[in-house]
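For reference, positions follow the sequence shown, starting with 1.
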Amino acid sequence: MSELYVAKVEELADHERRIVVEGDLEIGVFRVGDGFFAWENNCPHAGGPVCQGRVMNRVNEVLDDEKRAHGYEFVEDDVHIICPWHGYEFNIRSGAHPGEPNTQLRGFPVEVRGGAVYVRI
Ligand code: FES
């Protein structure tokens, strides 16, 4: 196993990413709060560059007890990456599609050491 330098911690703001490349392997490293998460830039749907998609909080429809809709809200702690090819969404912390938990991004361990972020491959 080897590791790749990603960035200094302060270079990645909350909800930002850095794509690192090693040969044919592309990995998106994301920051959410104080956490860092690394996923292969290869969507399990059809191979799209999922890590280059929009990062945004999950959107929920607000329903009352009768299931009547009252608009939409962003879910504060549920941050998604949205694949730019067909719109599949994945939770950045777990790598899982919210509606199909078995549809999962391939993950890599991330280490923060000496003020810098590294990913192990
Ligand atoms: S390739 Fe990602 S949604 Fe289709």
> Side chains of Arg17 and Trp39: does their closest heavy-atom pair fall under 4.5 Å?
Replying inline: no
> Does Arg93 reach the main-chain N or O of Phe36 with its side chain, forming a donor-acceptor pair under 3.5 Å?
Replying inline: no
> With ring centroids as reference points, do Tyr5 and Tyr118 lie under 6.0 angstrom apart?
Replying inline: yes
> Gln104 side chain to Ser94 main-chain N or O, any donor-acceptor pair under 3.5 Å?
Replying inline: yes
> Do Phe108 and Leu25 touch side chain to side chain, with heavy atoms closer than 4.5 Å?
Replying inline: yes
> Regarding Asn41 and Gln52, is there a side-chain donor-to-acceptor distance under 3.5 Å anywhere?
Replying inline: yes
> Between Arg31 (side chain) and Val9 (backbone), is there a donor-acceptor pair under 3.5 Å?
Replying inline: yes
> Do other residues, nucleotides or ligands put more than 12 heavy atoms under 6.0 Å from Glu76 CD?
Replying inline: no
> With no hydrogens and no angle check, do the side chains of Asp64 and His70 hold a donor and an acceptor under 3.5 Å apart?
Replying inline: yes
> With under 30° as parallel and over 60° as perpendicular, where do the rings of His45 and His86 fit, or are they tilted in between?
Replying inline: perpendicular
> When you check the gap from the basic side-chain N to the acidic O, do Arg68 and Glu66 get nearer than 4.0 Å?
Replying inline: no
> Are side-chain N/O atoms of Asp78 and Asn91 paired as donor and acceptor at under 3.5 Å?
Replying inline: yes
> Hey, would you say the Tyr88 and His97 ring centroids sit under 6.0 Å apart?
Replying inline: yes
